[in-house]
Amino acid sequence: MSYADLAAYSRLLRGAHETAVTGDACPDGPRRLIGASWRRSLDAGIDPATGAAPLAFSAAGLADARASHPLRPLVPLFVETLGRMAGEAEHIVVITDREGRVLWREGDRGTMRRADRVGLADGHAWAEDRMGTNGIGTALAMLRPVHVYSEEHLVHVLRVWSCSAAPIVDPDSGEVLGCLDVSGTASSLHPATVALVGATARLAEAQLALRMHEHDEQLRRRYESLRSRPGILLSPTGRVLAGDPGGIAGERVPLPAPGGRMLLRDGRVAVLEPFADGYLLRSAPSAAPPTLRLALLGDGPPAAVLGERRLPLSLRHAEILALLALHPRGLSAEQLSFHLYGDDGNPVTIRAEIHRLRTQLRGTIGAKPYRLTSPLEADFLQVRRLLAAGEPASLARAYPGPLLPRSESPEIRRERDELEVQVRTCLLLRGSPDDLWTYAQTSSGRADVQVLERIAASLPSTDHRAAAAQARLFAG
């Protein structure tokens with residue numbers, strides 16, 4: 001943009017300021033990035049008549065913030081790369097934290113004295129919600145390099161300043177660490193400065209990445225020096241560095257507190273322990289394996305719940321689990337094949353299905369023979385227990401319908417038919433009208449004439465269930 005273009009743009013912006021503050025529409029306003037920043041700033045309550053940026057740190061607080069900030073080792077890099085240019089061109093270099101609070105400042109002394117008057121100084125806050133549109137605050141809001149020309153500032157006292165700024169992102173965590181800014185008066189700061197500032201920010205990120213990789217290697221060497229290496233090595237931010245060839249932890253682990261527990265992808269529980277200045281994820285001390293719960297009754301899709309994980313099951317996998325539940329001592333591939341397919345079964349097919357099922361439900365299926373090794377709860381086994389106990393009310397609530405109604409497995413069909421007959425008989429002999437009505441909501445009980453006649457005869461004619469039973473009888 002030429003100086004003539006800048007002058008015309010400045011005149012346009014002076015009128016746009018008025019309409020922005022009053023909320024009126026302005027057809028010839030600032031560029032889109034600046035207009036959006038003005039709206040954010042005004043929504044945050046920024047007064048264009050503000051005199052200076054607020055102080056955010058005391059002297060002691062500033063010293064502590066500097067000492068602990070990850071950009072501190074890179075300050076010499078910023079000064080060497082931008083400081084000489086800033087001094088010769090009467091600019092200043094500003095480094096902030098992620099909140100836009102100034103931590104370090106270098107450059108021309110005369111410009112720094114002028115900057116003091118507007119709070120562009122150590123310890124002051126320059127986020128958009130503290131000082132409106134400006135290079136630092138807008139770069140942090142947009143997460144990209146930004147140049148803000150003098151008249152583009154929302155606050156009046158900043159309209160003799162121009163600034164180019166770029167955020168700096170931690171290559172380890174992906175979080176913004178702070179902002180690098182070059183500021184000066186409008187006549188001395190060229191908009192192309194933003195390219196130099198952005199390149200310097202990328203150089204800083206490259207330096208951080210190099211330090212991260214060097215630190216990772218040091219941690220790996222210490223890990224490799226252990227005689228035994230139980231556990232997965234993590235960086236201080238939870239990146240997986242070693243000890244996880246199967247990828248059961250993923251690329252990054254959300255860190256619990258040291259000693260805290262977390263669930264790995266394979267269902268195992270791990271405990272976080274400090275190691276050097278990183279962490280180790282070790283298998284939790286042996287505890288009771290998670291209970292496997294099977295929901296195989298009724299018309300809904302079959303499912304398994306292992307610990308806290310709910311897994312939908314294909315019909316074939318549901319059939320295999322039902323057969324293993326019915327045969328706690330285990331079954332060979334040949335036996336499973338026969339129970340599923342009869343004489344036409346193929347054990348090779350069963351072995352492939354078992355392999356896929358064991359991948360889904362790690363630690364729950366043993367081999368030679370195939371058997372369930374976790375504590376087991378299955379809805380159809382619970383129905384068996386309630387039948388033996390003679391509890392019709394509990395039985396009616398626990399029986400949503402037949403076992404795997406779509407299964408053609410000879411063994412499961414026998415179990416399904418037997419359960420159905422026993423449930424129906426128990427409820428007809430001992431069940432209350434409430435129990436029979438519950439059973440009548442299942443697919444097999446809905447059109448059961450004897451059950452519906454018993455409901456209609458046992459309930460008052462004014463009871464809606466009696467009327468519904470009569471309607472079903474007539475419809476049948």
Side-chain angles (χ1 to χ4, degrees), residues 232 244-250 262-270 283-284 286-385 398 400-419:
I232 299 169
D244 187 21
I248 59 173
M262 65 172 296
L263 192 67
L264 299 177
R265 288 180 173 181
D266 64 355
R268 284 185 294 160
V269 176
S283 294
S286 296
T291 297
L292 176 64
R293 298 176 174 85
L294 302 178
L296 308 182
L297 292 176
D299 296 326
V305 177
L306 182 62
E308 300 298 322
R309 293 187 302 149
R310 181 178 179 84
L311 301 168
L313 297 171
S314 68
L315 177 59
R316 184 62 70 226
H317 286 175
E319 290 172 328
I320 291 172
L321 290 171
L323 290 171
L324 294 178
L326 289 169
H327 298 270
R329 293 187 178 181
L331 295 169
S332 67
E334 290 75 12
Q335 290 171 319
L336 270 170
S337 177
F338 178 77
H339 288 316
L340 282 171
Y341 305 107
D343 293 329
D344 297 329
N346 185 347
V348 175
T349 303
I350 292 299
R351 292 189 183 96
E353 293 289 353
I354 287 280
H355 175 75
R356 286 189 281 268
L357 190 54
R358 294 177 80 182
T359 301
Q360 277 190 293
L361 299 171
R362 289 184 183 274
T364 64
I365 301 177
K368 297 182 180 180
Y370 296 124
R371 65 199 183 282
L372 296 177
T373 57
S374 289
L376 175 67
E377 293 180 7
D379 50 5
F380 68 98
L381 297 181
Q382 173 67 4
V383 168
R384 275 186 165 192
R385 288 190 288 270
L403 172 66
L404 296 176
R406 295 188 297 116
S407 175
E408 296 297 325
S409 157
E411 177 85 356
I412 291 175
R413 288 174 63 182
R414 280 194 293 272
E415 178 69 17
R416 179 172 64 222
D417 293 345
E418 183 177 322
L419 273 182

Say you draw a straight line from [atom1] of [X] to [atom2] of [Y]; how long is it, rounded to the nearest 0.5 Å?
X	Y	atom1	atom2	answer
R316	L357	CZ	CG	12.0 Å
I350	Q335	CD1	CD	12.0 Å
R358	R351	CZ	CZ	12.5 Å
L294	L313	CG	CG	7.0 Å
R416	F380	CZ	CZ	12.5 Å
L372	I365	CG	CD1	6.0 Å

Closest approach of [X] and [Y], non-hydrogen atoms and distance?
X	Y	value
H339	S409	O-OG, 2.7 Å
P405	G298	CD-O, 3.4 Å
Q360	R309	O-NH2, 3.6 Å
I354	Y370	CG2-CE2, 3.5 Å
L323	L331	O-CD1, 4.1 Å
P290	P375	O-CD, 3.7 Å

Using a 6.0 Å cut-off, check whether atom CZ of R310 has over 12 heavy atoms from anything other than its own residue.
no
Donor-acceptor under 3.5 Å (T373 side chain, T364 main chain): yes
query = Can you list the steps and then say if E415 with R384 is a salt bridge (Lys or Arg N to Asp or Glu O under 4.0 Å)?
reply = CA-CA 10 Å; E415 178 69 17; R384 275 186 165 192; 2.8 Å; yes
Determine, step by step, whether E411 and H327 satisfy the side chain to side chain contact (heavy atoms under 4.5 Å, CB included) criterion, reporting the C-alpha distance in whole Å, the side-chain angles of both residues, the deciding distance to 0.1 Å, and the verdict. CA-CA 11 Å; E411 177 85 356; H327 298 270; 3.1 Å; yes
Exactly one of L296, L321, L297 clears side-chain contact (heavy atoms from CB on, under 4.5 Å) with L404, and that residue is L296
Practice prompt. Take R413 and E408 through the test side chain to side chain contact (heavy atoms under 4.5 Å, CB included) and record every step on the way to the result.
Written response: CA-CA 6 Å; R413 288 174 63 182; E408 296 297 325; 3.6 Å; yes
